[in-house]
Visitor: 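Handing you a structure now.
Counting starts at 1 for both ligands and their atoms, in listed order. Treat the numbers as computed from the prediction; the structure is a model and nothing was measured.
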Amino acid sequence: MSFGLIERYRDRLPFAPEDPVVSLGEGSTPLVHAPALSERVEADVWLKYEGLNPTGSFKDRGMTCAVSAAVREGAEAVICASTGNTSASAAAYAARAGLRCAVLVPEGKIATGKLAQALMHGARVIVIRGNFDQALTLVRELVERHPIALVNSVNRFRLEGQKTAAFEIVEELDELDALCIPVGNAGNITAYWKGFNEVGRRPRMFGFQAAGAAPLVAGAPVQHPETVASAIRIGNPARWEEAMDAMTSSHGAVRAVSDAQILDAYRFLAAREGIFCEPASAASVAGLLAHGAGGAQRIVCVLTGHGLKDPGTALDQVAAVVPCEPELAAVERAVLA
Ligand SMILES: *Cc1c(COP(=O)(O)O)cnc(C)c1O
């Protein structure tokens, strides 16, 4: 029997015992020590493997709360703008709750697995000829006119759910000096900081953006964000102020990493740590490798989503398969080459 995070942390979440709970058993993800990475950065590094949530990303932590709250309020439908994972998660939790779900995604930029999930769970998938920022502006306007619950991370229940990842980390680590995390719409870093503060712990928060989509680093919105890390291809983060506050008040920083650095870290994690995350997730590790974490000795990198979400990018990165005749000599040559 596995319990979801509302059951596990109800005393610290805005849900009463009699409230409806829509759960797929999210949260309680592994915190895995990373020996190869630790050796490279000469510190102790753990990976918070959020790809092991039910739909394969941390978005499920927020979505169990957002959809449960929507049901409590009597909503019949939910909507979100998404670079992919929010739509997969919203579609799954909406299906579970018997709600209708619509998602707006940017044209051509959504990873195959995420699209398959949203469609399989029965969401109406609307492809916008534009980017994520435009899609978010549109859904925010739409919910002003219609009784549909918005489940992007502008929804406060999303952050409430996502802060529980910080609880899980401090329950496992007595000491933590720094957290490294990818930043897109900046909801997750905001949620972690809230969670840490609620338990009186204040690790330094290092946020990493893709160089082609790094508005917080530039200090201004980016009109045409571009990066291989599609989950953080966002030019105007909704939680801008809160994220900057988390990094400044924790004496952390926000920095950019190039797509090449992201892909290096992505391959390194798969090949050396045995952990397959998606490209956006690898930005946390790419950032640690490129910029360090202010001399911190005990570091957690958040791996936000599973590598299986985006098989296309993976296959572009690796050696081709080895064709072989079904004969022992040929197999021997192929195996031992
Ligand atoms: C949503 C997402 C992010 C970015 O999180 P924000 O809260 O938007 O900053 C990073 N990685 C993955 C895999 C995501 O799905």
Side-chain angles (χ1 to χ4, degrees), residues 26 29 47-53 55-63 66 80-90 92 103 105-106 109-111 113-115 117-118 131-133 135-136 151-156 158-163 165-166 179-195 205-210 213-217 225 227-244 246-247 254 257 262 265-266 269 275-287 301-310 313:
E26 59 293 312
T29 56
L47 305 168
K48 183 65 171 160
Y49 197 8
E50 289 289 282
L52 295 192
N53 275 295
T55 78
S57 85
F58 76 84
K59 299 299 199 297
D60 295 343
R61 290 183 187 273
M63 209 54 75
C80 63
S82 176
T83 59
N85 281 330
T86 301
S87 62
S89 187
V103 304
V105 299
K109 301 292 181 180
I110 166 169
K114 304 174 189 181
L115 187 59
Q117 288 178 289
N131 60 33
F132 170 84
D133 304 286
L136 182 59
V151 295
N152 279 104
S153 57
V154 294
N155 177 323
R156 74 179 184 95
R158 281 278 309 276
L159 299 199
E160 288 294 320
Q162 287 167 213
K163 77 183 181 188
L179 186 90
C180 297
I181 183 170
V183 176
N185 212 24
N188 211 26
I189 189 169
T190 302
Y192 270 84
W193 186 233
K194 184 170 199 289
M205 305 289 287
F206 291 91
F208 297 108
Q209 300 203 288
L216 298 184
V217 180
T227 168
V228 66
S230 57
I232 51 172
R233 187 171 165 271
I234 293 175
N236 192 11
R239 297 281 182 176
W240 187 303
E241 308 293 331
E242 295 98 320
M244 290 312 297
M247 291 180 277
V254 60
V257 282
I262 289 173
Y266 173 62
L269 287 168
I275 293 192
F276 190 22
C277 64
E278 63 176 286
S281 310
S284 60
V285 171
C301 292
V302 182
L303 299 183
T304 45
H306 204 290
L308 291 172
K309 293 270 189 176
D310 188 359
T313 303

Visitor: Can you list the atoms of ligand 1 that are under 4.0 Å from a heavy atom of Gly187?
Guide: 6 (P), 7 (O), 9 (O)
Visitor: Would you check if there is a donor-acceptor pair between the side chains of Lys194 and Gln162 at a distance under 3.5 Å?
Guide: no
Visitor: Quick one: does any side-chain atom of Arg158 pair with a main-chain N or O of Gly187 as donor and acceptor, under 3.5 Å?
Guide: no
Visitor: What protein heavy atom sits nearest atom 7 (O) of ligand 1, and how far away is it?
Guide: Asn188 N, 2.8 Å
Visitor: Considering only heavy atoms from C-beta outward, does the side chain of Met244 approach that of Leu216 to under 4.5 Å?
Guide: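 In contact.
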Visitor: Using side chain to side chain contact (heavy atoms under 4.5 Å, CB included) as the criterion, point out the one residue from Ser284, Cys301, Cys180 that pairs with Phe206.
Guide: Cys180
Visitor: Mark up the atoms of ligand 1 that fall under 4.0 Å of a heavy atom belonging to Ala280, in ascending order.
Guide: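 Checking each atom against Ala280, I get 11 (N).
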Visitor: At less than 4.0 angstrom from any non-hydrogen atom of Ile232, what atoms of ligand 1 do you find?
Guide: 3 (C), 4 (C), 10 (C)
Visitor: With heavy-atom distances below 4.0 Å as the criterion, list the atoms of ligand 1 near Glu278.
Guide: 13 (C)
Visitor: Taking side chain to side chain contact (heavy atoms under 4.5 Å, CB included) as the criterion, tell me which of Leu159, Val183, Thr304 meets it with Asn188.
Guide: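 When Leu159, Val183, Thr304 are each tested with Asn188, the side chain to side chain contact (heavy atoms under 4.5 Å, CB included) holds only for Thr304.
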Visitor: Distance to 0.1 Å, residue and atom name: give those for the protein heavy atom nearest to atom 8 (O) of ligand 1.
Guide: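 Looking only at protein heavy atoms, the one closest to atom 8 (O) of ligand 1 is Asn185 N, 2.7 Å.
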Visitor: Which of the atoms of ligand 1 are close to Val183, meaning less than 4.0 Å from one of its heavy atoms?
Guide: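 Checking each atom against Val183, I get 9 (O).
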Visitor: Which heavy atom of the protein is the closest neighbour of atom 5 (O) of ligand 1, given with residue, atom name and distance?
Guide: Phe58 CZ, 3.5 Å
Visitor: Please confirm whether Ala186 comes under 4.0 Å of ligand 1, counting heavy atoms of the residue only.
Guide: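 Judged by the 4.0 Å heavy-atom criterion, Ala186 does count as contacting ligand 1.
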Visitor: Out of His306, Lys59, Gln209, whose heavy atom is nearest to atom 2 (C) of ligand 1?
Guide: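 Comparing heavy atoms across His306, Lys59, Gln209, the nearest one to atom 2 (C) of ligand 1 lies in Lys59.
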Visitor: How far is atom 12 (C) of ligand 1 from its nearest protein heavy atom, and which residue and atom name does that atom have?
Guide: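 Answer for atom 12 (C) of ligand 1: Thr304 OG1, 3.2 Å.
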Visitor: Do the non-hydrogen side-chain atoms of Val285 and Leu303 ever get within less than 4.5 Å of each other?
Guide: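 Side chain of Val285 against side chain of Leu303, heavy atoms only: contact under 4.5 Å found.
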Visitor: Look at the rings of Phe276 and Tyr266 and say which category their plane angle falls in: under 30° parallel, 30 to 60° tilted, over 60° perpendicular.
Guide: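 Phe276 and Tyr266: tilted rings.
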Visitor: Do Thr83 and Lys109 have a side chain donor and acceptor closer than 3.5 Å?
Guide: no
